[in-house]
Chemist: 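Structure provided below as structure tokens; questions to follow.
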Amino acid sequence: MSKKILLSGVKPTGAPHIGNYFGAMKQFVDLQKDYEGYVFIADYHALNFIQNKDEMEKNIVGVLLDYLAIGLDPKKLTIFKQSDISEHTELAWIFDTLTTMPYLMHAHAFKDAEAKNKEICVGTFNYPMLMAADILLYGPDIVPIGADQKQHVEIARDTAEKFNRIFGETFKLPEPMIMKDMAVVPGIDGKKMSKSYNNHIPLFAEYEEIKRCVMNIVTDSGEGIPKNVYAIHNLFRPASELLPIYESKAGKYKELKEMLIEDIEKFIAPMREKRKEFAKDIPKALKILKEGGEKAKIIASKKMEVVREKVGVKVYEK
Ligand code: AMP
């Protein structure tokens, strides 16, 4: 029996944080042996945020090293870069022609940008269409993501349904896979952990950086159990172990934070060291990415052939 398909991606917009890891990336590793996996670097999505050649290049290599360091195995799944597969943008265009502006105006990313009075580029507005194409080209059964991306997978489902309705059955409807306990990993201020809120703990932080982040976790002097410290600590230890410790040390914030620093360091240090090893041979890492792209291209181009035929633009064999 053929394996079920998993697909997900990360934007190369800077170093990942532990929210990205527990919310999404860890699932890629945990599931890689049971699924046919496609994990990509969403560089064309990142172009909405990063418009600087050197930074983009550095970030792409960065996500590749992150993927390898957390334990993604190119023998088990396909690691590739979105921009290597031109079918993503081609299919996004076709979806653009089927989707109305009012529908996309409901997307969170657009509404957030609008609420902040930001000047919104067309790429940000169309983001969900490119993401629908990223997903639907590979026919995944599951898309492991954090809760913030749930709406985008729903939009991909709606888009697949609309295309199927107009042109006939073509796309499988994907399911988001959101880990209940990790749906929204909180940052050091208790809000969703996010680079843009600057409330994050980098996944590959050095000891001193971990210490600085943890010491900055916001605590309220009225609390017995400092809830923001506990919420982050709970990512690294189960409640059954943690609660008795926090109860016995109620009010002793400094001690609890010191313990959290040690737990994070113990968890991060081996991955951090692995990343440094992979970084010693960038050409070898890039070869993995290039070969992954060649594999993904085969799947994506076959699917696009079907799509072109369905919409009526394939009038001869290539
Ligand atoms: P990004 O590439 O920044 O969109 O994020 C990569 C993945 O991390 C996506 O699946 C996000 O849903 C997930 N993610 C980002 N922030 C968090 C968070 N604070 N908690 C849980 N998952 C998150």
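The residues of the chain are indexed from 1 along the displayed sequence. In listed order, ligands and their atoms are each counted from 1.
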Chemist: Closest non-hydrogen protein atom to atom 18 (C) of ligand 1, residue and atom name please, with distance?
Modeler: V185 N, 3.6 Å
Chemist: For Y230, enumerate each residue passing the ring pair (Phe, Tyr, Trp, His ring centres under 6.0 Å) test, keeping only those at least two apart in sequence or located in another chain.
Modeler: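 Ring pair (Phe, Tyr, Trp, His ring centres under 6.0 Å) list for Y230, sorted by chain: Y246.
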Chemist: For atom 12 (O) of ligand 1, grab the closest protein heavy atom and report residue, atom and distance to one decimal in Å.
Modeler: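 That would be D148 OD1, 2.3 Å.
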Chemist: Please confirm whether A42 approaches ligand 1 to less than 4.0 Å, judged on its heavy atoms.
Modeler: no
Chemist: Between S86 and K297, is there a side-chain donor-acceptor contact under 3.5 Å, judged purely by atom types and distance?
Modeler: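 Note: K297 and S86 side chains meet the donor-acceptor criterion.
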Chemist: Are D73 and K76 ion-paired here, with the side-chain N under 4.0 Å from a carboxylate O?
Modeler: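 Result for this pair is yes, salt bridge flagged.
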Chemist: Give the residue, atom name and distance (to 0.1 Å) of the protein heavy atom nearest atom 9 (C) of ligand 1.
Modeler: Q149 CG, 3.9 Å
Chemist: Which is it for A183 and ligand 1 at heavy atoms under 4.0 Å: side chain, backbone, both or neither?
Modeler: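 Contact part for A183 vs ligand 1: backbone (N, CA, C, O).
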Chemist: Is there any N or O on K11 that sits under 3.5 Å from an N or O of ligand 1?
Modeler: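 N/O-N/O distance under 3.5 Å: yes.
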Chemist: Considering non-hydrogen atoms of the protein only, which is the closest contact for atom 23 (C) of ligand 1, and what is the distance?
Modeler: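 Result: G19 O, 3.5 Å.
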Chemist: Which of the atoms of ligand 1 are close to G23, meaning less than 4.0 Å from one of its heavy atoms?
Modeler: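 Answer, ordered by atom number: 21 (C), 22 (N).
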Chemist: Taking 4.0 Å as the limit for heavy-atom contacts, which would you say applies to K195 with ligand 1: side chain only, backbone only, both, or neither?
Modeler: neither
Chemist: Which atoms of ligand 1 have any heavy atom of I145 under 4.0 Å away?
Modeler: 10 (O)
Chemist: Of the non-hydrogen atoms in N199 and K192, which two are nearest, and what is the gap between them?
Modeler: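 What the structure gives for the nearest pair is ND2-O, 2.9 Å.
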Chemist: Give the atoms of ligand 1, by number and element, whose distance to some non-hydrogen atom of M193 is under 4.0 Å.
Modeler: 16 (N), 18 (C), 19 (N)
Chemist: In plain terms, say whether K4 and E36 are close enough for a salt bridge, that is, a side-chain N and a carboxylate O under 4.0 Å apart.
Modeler: no
Chemist: Got the closest protein heavy atom to atom 16 (N) of ligand 1, with its distance?
Modeler: H17 CE1, 3.5 Å
Chemist: Is a side-chain donor or acceptor of E305 paired with a backbone partner of S301 at a separation under 3.5 angstrom?
Modeler: no
Chemist: Which ligand 1 atoms, with their elements, are less than 4.0 angstrom from a heavy-atom of V184?
Modeler: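 Those atoms are 20 (N).
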Chemist: With distance as the sole criterion, is a donor-acceptor pair present between the side chains of D158 and Y103 under 3.5 Å?
Modeler: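 Yes - a donor-acceptor pair under 3.5 Å links their side chains.
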Chemist: How close does the nearest protein non-hydrogen atom get to atom 10 (O) of ligand 1, and which residue and atom is it?
Modeler: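 Residue, atom and distance for the closest contact: G146 N, 3.2 Å.
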Chemist: For D134 and Q82, does a side-chain donor sit closer than 3.5 Å to a side-chain acceptor?
Modeler: yes
Chemist: Compare every heavy atom of T170 with every heavy atom of N164, then report the nearest pair and how far apart it is.
Modeler: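 Smallest interatomic distance, heavy atoms only, reads OD1-N, 3.0 Å.
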Chemist: Thinking salt bridges, do E273 and K276 make one under a 4.0 Å N-O criterion?
Modeler: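 Between K276 and E273 there is a salt bridge, with a charged N closer than 4.0 Å to a carboxylate O.
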Chemist: Name the closest protein heavy atom to atom 14 (N) of ligand 1, giving the residue it belongs to and the distance to 0.1 Å.
Modeler: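 Going atom by atom, the protein heavy atom closest to atom 14 (N) of ligand 1 ends up being N20 ND2, 3.7 Å.
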Chemist: Tell me, which protein residue and heavy-atom name are nearest atom 7 (C) of ligand 1, and how many Å apart are they?
Modeler: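 Minimum-distance protein heavy atom for atom 7 (C) of ligand 1 reads A24 CB, 3.7 Å.
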